[in-house]
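Residue numbers start at 1 and run along the sequence shown. No hydrogens, no waters, no symmetry mates; every other heavy atom, side chains included, goes into these values.
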Amino acid sequence: MPNLRIVGDLADIPTEGWDSLHEGRNPFVSHAFLSGLEQHGCLREDWGWIPQHITLWEGSELVAAAPGYLKTNSHGEFVFDHAWAHAYAQHGRDYFPKWLGAVPYSPVTGPRLLARTQAHRTALLDAAMAQARDSRLSSAHINFHTDEEDSAFGPDWLARTDVQYHWRNEAGWKDFDGFLAAFDHKHRKNIRQERAKVQRAGIDFRIVHGDEASDEDLATMFAFYLLTFHDYGNSPALTLEFIRHLARAMPRNLVLFLAERESRPIAGAMCLRGGDTLYGRYWGASETSPGLHFETCYYQGIEYCLREGLKVFEPGAQGEHKLARGFLPTFVRSRHWIADADFADALKHWCAEETRSVQRYAATLASHSPFRHM
């Protein structure tokens, strides 16, 4: 049997060993991304993020791992369990702390049970439950896992479903005009009008990867990121040093879309690129202009995917407005193990009803597809 180790600092695990456990197509589970969050001030205990990675070893060889965190709140998770915490409090119980298997601040589907065999995936889940029991935690959770990992979960892991909006090039579009040709007349006209407004405003775009970005580019994108968080009254979790780290350690995965007027940056979107997918993460702007958000965050990304041969564009969580721009409803998943049997039984029924509601919602959304003959 492999030996279990709970690791509180990813720097203690060799990069090669960690990255050998996944295909490398999802940048968010890479050692560089996860350790960068820890090393460059993005994970703070007072924000509820304490690294507790579950790892399995055979001698000196790492054979399985689950990126994980001890959580003292639900900040930065994007699978909302505030109602669960409230229910615990009503019954005089503590919902926090809990253990979470996830990528911080990233509502992106990807592998969460990094292992070569199904037996090792199951062992990781057994270890998560044992860790929760031994530490007297209320629960253990796995957020945004892949479809392929579903079979590793036993019946004690409650299933939740949500909807995001993803662009997929299943039709084999070669360029943006081909993409637009698949729309009905109304939606095609609206997109052309939005793009025309940006062009008339004299706004151009410059796209740079991490190894092409100057330090000024990185600092400019970070400033846009801060503006967005300031506008919404939230505390920014990422740091400029982390952005610089991504540019160094993941140079071709980091993609910046910089909107400029007369060579002066006025907006930007920061994305990460995976094997066949572009992931939209953050955006910001120093001024408002009609259509600027949609062009920076969506249309430039779609054109990039079409040029680069990427099949999927995930622009981030939530946002029904994405539907009219070609991002269709897509199910995302999470799993939850609840230590208390009575709460587990009640939440099992709650999750089942939530799933039915989400499925009805997704069907309604699909009926409003902007594409012809869909």
Side-chain angles (χ1 to χ4, degrees), residues 28 37 42-52 66-110 112 128-129 131-133 135-145 153 156-165 228-238 281-282 316-320 322 329-362 365:
F28 297 91
L37 290 172
C42 303
L43 301 181
R44 290 169 35 178
E45 186 171 340
D46 58 330
W47 283 352
W49 291 95
I50 303 171
Q52 278 196 358
Y69 305 87
L70 185 69
K71 294 293 272 88
T72 55
N73 56 40
S74 296
H75 172 257
E77 297 180 19
F78 294 92
V79 175
F80 303 106
D81 57 0
H82 307 296
W84 297 13
H86 182 65
Y88 269 69
Q90 284 185 315
H91 288 80
R93 304 286 296 278
D94 292 325
Y95 184 64
F96 302 107
K98 62 182 182 179
W99 183 86
L100 173 67
V103 176
Y105 316 120
S106 303
V108 172
T109 293
R112 298 293 181 262
M129 290 186 290
Q131 173 70 5
R133 288 194 193 97
S135 301
R136 297 184 178 276
L137 307 181
S138 71
S139 50
H141 311 258
I142 305 286
N143 286 358
F144 300 105
H145 63 83
F153 293 92
D156 289 340
W157 287 85
L158 307 180
R160 294 186 69 183
T161 303
D162 201 355
V163 168
Q164 292 182 354
Y165 302 86
T228 297
F229 275 74
H230 175 75
D231 289 344
Y232 285 93
N234 296 325
S235 298
L238 303 188
R281 297 310 307 122
Y282 301 101
Q318 305 171 339
E320 291 184 4
K322 296 169 184 170
T330 303
F331 291 117
V332 293
R333 297 171 174 81
S334 61
R335 290 282 189 151
H336 311 268
W337 178 82
I338 309 299
D340 185 279
D342 291 334
F343 270 102
D345 186 59
L347 290 174
K348 179 179 180 179
H349 297 287
W350 188 93
C351 290
E353 179 53 39
E354 180 191 49
T355 295
R356 288 190 289 268
S357 176
V358 168
Q359 289 171 339
R360 290 193 296 268
Y361 173 64
L365 291 171

How long is the span from the [atom1] atom in [X] to the [atom2] atom in [Y], to the nearest 0.5 Å?
X	Y	atom1	atom2	answer
Leu43	Leu238	CG	CG	9.5 Å
Tyr88	Asp340	OH	CG	5.5 Å
Ser138	Phe96	OG	CZ	7.5 Å
Tyr69	Gln52	OH	CD	11.5 Å
Thr330	Asp162	OG1	CG	11.5 Å
Met129	Arg133	CE	CZ	6.0 Å

State, with a plain yes or no, whether a side-chain heavy atom of [X] is found less than 4.5 Å away from one of [Y].
X	Y	answer
Tyr165	Leu365	yes
Arg160	Trp350	yes
Pro107	Gln164	yes
Phe153	Ile142	yes
Asn143	Glu77	yes
Phe78	Gln318	no
Phe331	Gln359	yes
Trp49	Leu70	no

Exercise for review: For atom CD of Gln90, decide whether the heavy atoms of other residues, nucleotides or ligands shown that lie under 6.0 angstrom number more than 12.
Suggested key: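 Correct, the count exceeds 12.
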Point to revise | Salt-bridge criterion met for Asp81 and Lys98 (N-O under 4.0 Å) | key: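 Yes, this pair counts.
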Review point. Are Arg360 and Glu353 within salt-bridge range, i.e. N to O under 4.0 Å?
Key: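 A salt bridge is present here (some side-chain N lies under 4.0 Å from a carboxylate O).
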Review point. Can you name the one residue among His336, Lys71, Arg335 that meets side-chain hydrogen bond (donor to acceptor under 3.5 Å, both in side chains) with His141?
Key: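 So the option named by the test is His336.
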Practice item. May I ask you to check whether His91 and Phe343 place their ring centers less than 6.0 Å from one another? Key: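 Yes, close enough.
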Show the nearest heavy-atom pair for residues [X] and [Y], with the distance to one decimal.
X	Y	result
Ala339	Leu137	CB-O, 3.8 Å
Ala140	Ala128	CB-O, 4.2 Å
Tyr95	Ser139	CE1-OG, 3.9 Å
Val332	Val163	CG2-N, 4.3 Å

Check your understanding: Would Ser74 and Trp84 count as a side chain to side chain contact (heavy atoms under 4.5 Å, CB included) if you check the C-alpha gap in whole Å, the side-chain angles of each, and the deciding distance to 0.1 Å?
Key -> CA-CA 11 Å; Ser74 296; Trp84 297 13; over 6 Å; no
Backbone N or O of [Y] within a donor-acceptor pair of the [X] side chain at under 3.5 Å?
X	Y	value
Asn73	His75	yes
Lys322	Gly316	yes
Ser357	Thr355	no

Exercise for review: Check the pair Tyr282 / Tyr105 against side chain to side chain contact (heavy atoms under 4.5 Å, CB included), numbers first and verdict last.
Suggested key: CA-CA 11 Å; Tyr282 301 101; Tyr105 316 120; 3.8 Å; yes
Review point. Does Trp99 have Arg136 sitting over its ring (NZ/CZ under 6.0 Å from centre, angle to axis within 45°)?
Key: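 Here Arg136 fails the 6.0 Å and 45° test against Trp99.
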Exercise for review: Please report the C-alpha distance between Thr72 and Glu45 in whole Å, then the side-chain angles of each, then the deciding distance to 0.1 Å, and finally whether the side chain to side chain contact (heavy atoms under 4.5 Å, CB included) criterion is met.
Suggested key: CA-CA 8 Å; Thr72 55; Glu45 186 171 340; over 6 Å; no
